Amino acid sequence: MTAYEPVGDPGAGSDPAPGAGAGPGRDPAPGSGPAGYDAVVLAGGAARRLGGADKPGLRVGGRALLDRVLAACAGARTTVVVADVRPTARPVTWAREDPPGGGPLAALAAGLRHTTAEHVLVVSADLPFLAGPTVGRLLSALAAGDADGVLLTDADGRDQPLVAAYRASVLRRELAALARDRAGRGDRADGALLTGLPLRRLTGALRLTCLPDAVASFDCDTWDDIATARARIREHGHVLDEWISAAKDELGIDLDVDTKVLLDLARDAAHGVARPAAPLTTFLVGYAAGRAQGGPEAVAEAARKAAALALRWAEEAADAGTAPERGKPDVAPDANPDTRPDA
């Protein structure tokens, strides 16, 4: 387990996750990193401390751990998951080390074979709080310096080489050197030259830069870790963002909107009209933006119009001295029943 501190850590929270179709395949979208990047997600471990449970499929906030990690690296040109094929929230490329279960170095080598970008994000599949901004920090730091890689450190200052961005050419060079060394000793067959080697055999040969992030580096190795992650997303400062991210992922929506605008609209509709008007109005705003095939700007414009309407309702109620009572005709103070518009 990586230690976790719940308050005031960089990278806290979760950014909205774009949704896409499920199942295997190649990523269709270009990368959004500094120069474009690929991602390798290691998801084939044995999860012994979880009793052999399917760790990538365990859910935190209603989403599988693997899907949460895939959302964080959605900007990758190609995302390779090294594991057996399973349904995922967005298309990925699948790979497997030979033989399966050969450890992180063998899995990394298998994943790298499917990448072409010079910068590669390497992460494990058990990082519930890894988010897009943290991925961006890693890639930007790698691009700005001359280090071979940039990795996160946890709350105790320990390096986390499976939450890192590396130069792919350096990784390939060092992995090939390790394989040649083993081949020279005649220890293993060609398909298993990296099997069982510890990750430090690779990272020890690299020039690395560290970024502290106690939240994004938190990984789930035990059931206590899973319980901690599930509790954190329900904390007041995180629950709304987590819910919106999960709902968008479930509905296949790739749209970032200003949630404050929508919350303000819901408040105005509830106070100026009636409480049930809040969810119905926000639904109508989303529907209107969808019909217009618009993005965040269309949502903001529809919300602005609906909020202005709600404020006009509130002003009319204030001018009348009170909101219309239930069951009482909505008639202006000086109106005659026979002269009402609907008489």
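Positions are given from 1 along the sequence. Being a predicted model, the structure only gives us computed values, none of them experimental.
- Put simply, the side chain of Q160 does not reach to within 4.5 Å of the side chain of T153, judged on heavy atoms.
- When the side chains of ILVMFWY residues are joined at heavy-atom separations under 4.5 Å, either directly or via intervening members, V299 and V261 end up in two distinct hydrophobic clusters.
- Using a 4.5 Å heavy-atom cutoff, the side chains of L130 and R68 are not in contact.
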Can you list the steps and then say if L58 with L50 is a side-chain contact (heavy atoms from CB on, under 4.5 Å)?
-> CA-CA 10 Å; L58 293 177; L50 286 166; 4.0 Å; yes
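- No donor-acceptor pair under 3.5 Å is formed between the side chain of R167 and the backbone N or O of V170.
- V85 and V69 fall within the same hydrophobic cluster, where Ile, Leu, Val, Met, Phe, Trp and Tyr residues are linked whenever their side-chain heavy atoms come under 4.5 Å apart, directly or through other members.
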Residue pair L138, Y37: steps toward the side-chain contact (heavy atoms from CB on, under 4.5 Å) verdict = CA-CA 11 Å; L138 288 168; Y37 74 98; over 6 Å; no
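- Separation of atoms CZ (R200) and CG (L206) is listed at 14.5 Å; rounding is to 0.5 Å.
- The minimum heavy-atom distance between A125 and A43, with the atom names listed, is CB-CB, 3.5 Å.
- In this structure the side chain of L199 reaches within 4.5 angstrom of the side chain of L162, judged on heavy atoms.
- Not one N or O on the side chain of E301 forms a donor-acceptor pair closer than 3.5 Å with the backbone of K305.
- The CG atom of L112 sits 9.5 Å away from atom CG of D38, with the distance rounded to the nearest 0.5 Å.
- Side-chain contact between L151 and L211 is absent, with no heavy-atom pair separated by less than 4.5 Å.
- Looking at T115 and R77, their side chains never bring a donor and an acceptor atom within 3.5 Å of each other.
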Evaluate the criterion side-chain contact (heavy atoms from CB on, under 4.5 Å) for residue pair V163 and F218; output intermediate values, then yes/no.
-> CA-CA 10 Å; V163 200; F218 179 82; over 6 Å; no
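- Summarising the geometry of D221 relative to D225, their closest heavy-atom pair is N-OD2, 2.9 Å, with the distance given to 0.1 Å.
- Across every non-hydrogen atom of E174 and A205, the tightest pair is OE1-CB, 3.6 Å.
- Atoms CG and CZ, on L105 and R201 in that order, are 8.5 Å from each other to the nearest 0.5 Å.
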Derivation of the salt bridge (charged side-chain N to carboxylate O under 4.0 Å, His left out) call for R90 and D67 = CA-CA 8 Å; R90 68 179 182 86; D67 284 336; over 6 Å; no
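- Looking at T195 and R182, their side chains never bring a donor and an acceptor atom within 3.5 Å of each other.
- Between the side chains of E118 and S169, at least one donor N or O lies within less than 3.5 Å of an accepting N or O.
- We find the CG-CG distance between L202 and D148 to be 9.5 Å, quoted to the nearest 0.5 Å.
- Residues K55 and L66 have side chains not in contact (no heavy-atom distance under 4.5 Å, counting atoms from C-beta outward).
- Rounding to the nearest 0.5 Å gives a distance of 6.0 Å between SG of C73 and CG of L121.
- The shortest side-chain heavy-atom distance between T282 and L265 falls under the 4.5 Å cut-off.
- Contact record, L262 with A303: CD2-CB, 4.2 Å, taken as the closest heavy-atom pair.
- Considering only heavy atoms from C-beta on, E235 stays 4.5 Å or farther from E242 through its side chain.
- D54 places a side-chain heavy atom less than 4.5 Å from the side chain of R86.
- The distance from atom CG of L178 to atom CZ of R173, rounded to the nearest 0.5 Å, is 11.0 Å.
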Could you walk me through whether R158 and S217 pass the side chain to side chain donor-acceptor pair (under 3.5 Å) test, one step at a time?
-> CA-CA 10 Å; R158 293 175 298 203; S217 63; over 6 Å; no
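- Nearest heavy-atom pair across A71 and R63 is CB-NH1, 4.0 Å.
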Apply side-chain contact (heavy atoms from CB on, under 4.5 Å) to the pair L208 and D159, showing each step before the final yes or no.
-> CA-CA 10 Å; L208 300 174; D159 292 350; 5.5 Å; no
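- In this model, no donor atom of one side chain and acceptor atom of the other lie less than 3.5 Å apart for D224 and T222.
- Following chains of ILVMFWY side-chain contacts shorter than 4.5 Å, one can reach V60 starting from W223, so the two form part of one hydrophobic cluster.
- Here the closest heavy-atom approach between residue G61 and residue I233 is recorded as CA-CD1, 2.9 Å.
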